[in-house]
Amino acid sequence: MKLASWNVNSLNVRLPQVLEWLDTARPNLLGLQETKLTDECFPVEAIRAAGYEVAYSGQKTYNGVAVLSRSPITDVLTDIPTLDDHQRRVLAVTAAGLRFINLYVPNGQAVGSDKYAYKLDWLAHLRTWLAEELASPQRLVIVGDFNIAPRDQDVHDPQEWREQVLCSTPEREALQHLLDLGLADSFRRFPQKDGIFSWWDYRMNSFRRNRGLRIDLILTSPALTPSLTAGYVDQAPRGWARPSDHAPVVAELSF
DNA sequence: ATGGTCGTGGTACGA
């Protein structure tokens, strides 16, 4: 069982790359973020032709999430139950014997900004929801662009990023508050080299210089964590022509 | 070097 997450920064632009990656990586479930497509424009047929079922929740220009699955999808939810939010950032589905929650956590722009306050409020509502989901033991996985680097080892230059957005203490505490529900960061269940990231700014040759952050995560519930067999970042698509600024992240399980 | 690059949409704005 292979699970993955990829912020594609426009599915319109990145569809050929997504199809290419599906063909080689063959994930069972893939969460996409920043599709930037209304539901009427979603490329359902191209994805079905690749052998995947799909659920999607999008809007014009910004945000937008989708889940691709090699097995049938049921019980689709598009919102955090307690949060009235027009921004399309959440897509929960049931497929392949799992509850699979795909998230595009707000970026937050800058510490202290209105968008930063929205991010922290969003994360608080998310925590309430996930606590309810985890009250009943189940195979639950939460994937997505969390827009938070969990620790300094997930940052190319911790001093440069100290208390900046994506790395600030309140954001990290909000993420830790989620992990404290019993969720595991699948990547850190395995030995990793230093300097493995999932996002690199388009500017200043950041990818070539590996000036990145690891902000794309796959979290597993206690019922699922013992079944993890691998957790990694597939950095290859970040090196392709006209790439997303994020690379796909992957978790593998055996059950 | 105090910027820099993308995507969207048709101009600034979000990331």
Side-chain angles (χ1 to χ4, degrees), chain A residues 5-21 31-43 46-47 56-66 83 85-91 102-123 126 143-150 154-168 170-172 174-175 197-217 233-249:
Chain A
S5 176
W6 194 5
N7 180 323
V8 292
N9 186 20
S10 168
L11 186 57
N12 245 347
V13 173
R14 234 64 69 187
L15 179 61
Q17 297 188 18
V18 171
L19 295 174
E20 171 69 21
W21 194 74
L32 301 178
Q33 304 89 34
E34 282 204 272
T35 55
K36 299 187 175 181
L37 287 171
T38 59
D39 292 348
E40 306 79 59
C41 297
F42 197 89
I47 288 167
Y56 42 92
S57 178
Q59 67 185 87
K60 188 177 170 182
T61 309
Y62 302 116
N63 309 313
V65 283
L83 194 62
D85 188 0
H86 74 279
Q87 300 190 33
R88 302 292 82 201
R89 299 180 174 278
V90 172
L91 193 56
N102 179 32
L103 303 176
Y104 176 44
V105 175
N107 172 283
Q109 193 176 55
V111 173
S113 68
D114 289 349
K115 292 188 176 68
Y116 183 79
Y118 163 68
K119 179 180 195 173
L120 293 180
D121 183 61
W122 195 96
L123 288 164
L126 173 67
V143 313
D145 176 0
F146 281 73
N147 269 315
I148 301 170
D154 302 305
V155 179
H156 68 88
D157 186 341
Q159 281 308 316
E160 180 180 327
W161 283 86
R162 199 174 80 85
E163 295 303 332
Q164 300 300 304
V165 74
L166 313 185
C167 298
S168 73
E171 292 167 89
R172 286 179 168 171
L175 177 60
F197 309 121
S198 66
W199 169 81
W200 302 259
D201 197 293
Y202 282 123
R203 295 167 286 191
M204 300 293 289
N205 290 311
S206 294
F207 181 60
R208 183 179 58 75
R209 300 159 67 195
N210 197 31
R211 292 172 54 84
L213 306 179
R214 190 176 68 91
I215 58 178
D216 300 273
L217 309 176
V233 182
D234 183 357
Q235 297 196 350
R238 186 61 179 81
W240 293 351
R242 207 179 179 190
S244 168
D245 46 352
H246 295 251
V249 298

A/Val105 and A/Lys119, any side-chain heavy atoms less than 4.5 Å apart
yes
Tell me every residue that passes ring-ring contact (aromatic ring centres under 6.0 Å, His included) with A/Phe207, counting only those two or more places apart in sequence or in another chain.
A/Trp200
First encountered from the 5' end of DNA chain B, between A/Asp245 and A/Asn12:
A/Asn12
Partners passing ring-ring contact (aromatic ring centres under 6.0 Å, His included) against A/Tyr56 (at least two apart in sequence or in another chain)
A/Phe42
Under 4.0 Å: is that the gap between some side-chain N or O of A/Ser10 and OP1 or OP2 of B/dT8?
yes
On DNA chain B, nearest-nucleotide positions of A/Asn147 versus A/Pro243: which is more 5'?
A/Pro243
In whole angstrom, give me the gap between the P atoms of B/dG3 and B/dG7.
23 Å
Counterpart residues, side-chain contact (heavy atoms from CB on, under 4.5 Å), relative to A/Arg209 (two or more places apart):
A/Met204, A/Asn205, A/Arg211
Would you tabulate the nitrogen or oxygen pairs shorter than 3.5 Å linking the protein to nucleotides 2-4 of chain B?
from	atom 1	to	atom 2	distance (Å)
B/dG4	N7	A/Arg203	NH1	3.4

Flag the pair A/Val13 / A/Arg242 as yes when at least one side-chain heavy-atom distance between them is below 4.5 Å, and no otherwise.
yes
Pairwise C1' distance, B/dG4 and B/dA15 [rounded to whole Å]
14 Å
Taking only residues two or more places apart in sequence or in another chain, which ones pass side chain to side chain donor-acceptor pair (under 3.5 Å) with A/Thr35?
none
By side-chain contact (heavy atoms from CB on, under 4.5 Å), A/Gln159 pairs with (sequence neighbours left out) A/Asp157, A/Arg162
Grab the CG-P distance between A/Asn205 and B/dA1 for me, whole Å please.
19 Å
What does A/Tyr104 touch in the nucleic acid at a heavy-atom separation under 4.0 angstrom: a base, only the sugar-phosphate, or nothing?
sugar-phosphate
Can you tell me if A/Tyr104 uses its side chain to pair, donor with acceptor, with the backbone of A/Gly64 under 3.5 Å?
no
Nearest whole angstrom, please: distance from the C1' of B/dA15 to the CD of A/Gln164.
15 Å
Among B/dT8, B/dG7, B/dA15, the one nearest any side-chain atom of A/Arg14 is B/dG7
Which whole-number value in Å describes the distance from A/Arg242 CZ to B/dC6 P?
10 Å
Nucleotide B/dG7, atom C1' - distance to CG of A/Asn9 in whole Å:
6 Å
Length of the CG-P vector between A/Leu11 and B/dG7, whole Å:
13 Å
Just how far, in rounded Å, is C1' of B/dG14 from CD of A/Gln33?
16 Å
Could you list the donor-acceptor pairs under 3.5 angstrom formed by side chains in residues 108-117 of chain A, with sequence neighbours left out?
from	atom 1	to	atom 2	distance (Å)
A/Ser113	OG	A/Gly108	O	3.1
A/Ser113	OG	A/Ala110	O	2.7
A/Ser113	OG	A/Lys115	N	3.4
A/Ser113	OG	A/Tyr116	N	3.1
A/Tyr116	OH	A/Ser168	OG	2.7

Value in whole Å for how far the P atom of B/dA12 lies from OH of A/Tyr62
13 Å
Pairing residues for A/Thr38 by the side chain to side chain donor-acceptor pair (under 3.5 Å) criterion, not counting sequence neighbours
A/Glu40
Any residue of residues 109-122 of chain A with a heavy atom less than 4.0 Å from an atom of DNA chain B
A/Gln109, A/Lys115
Between NE2 of A/His246 and P of B/dT5 the distance, given in whole Å, is 18 Å
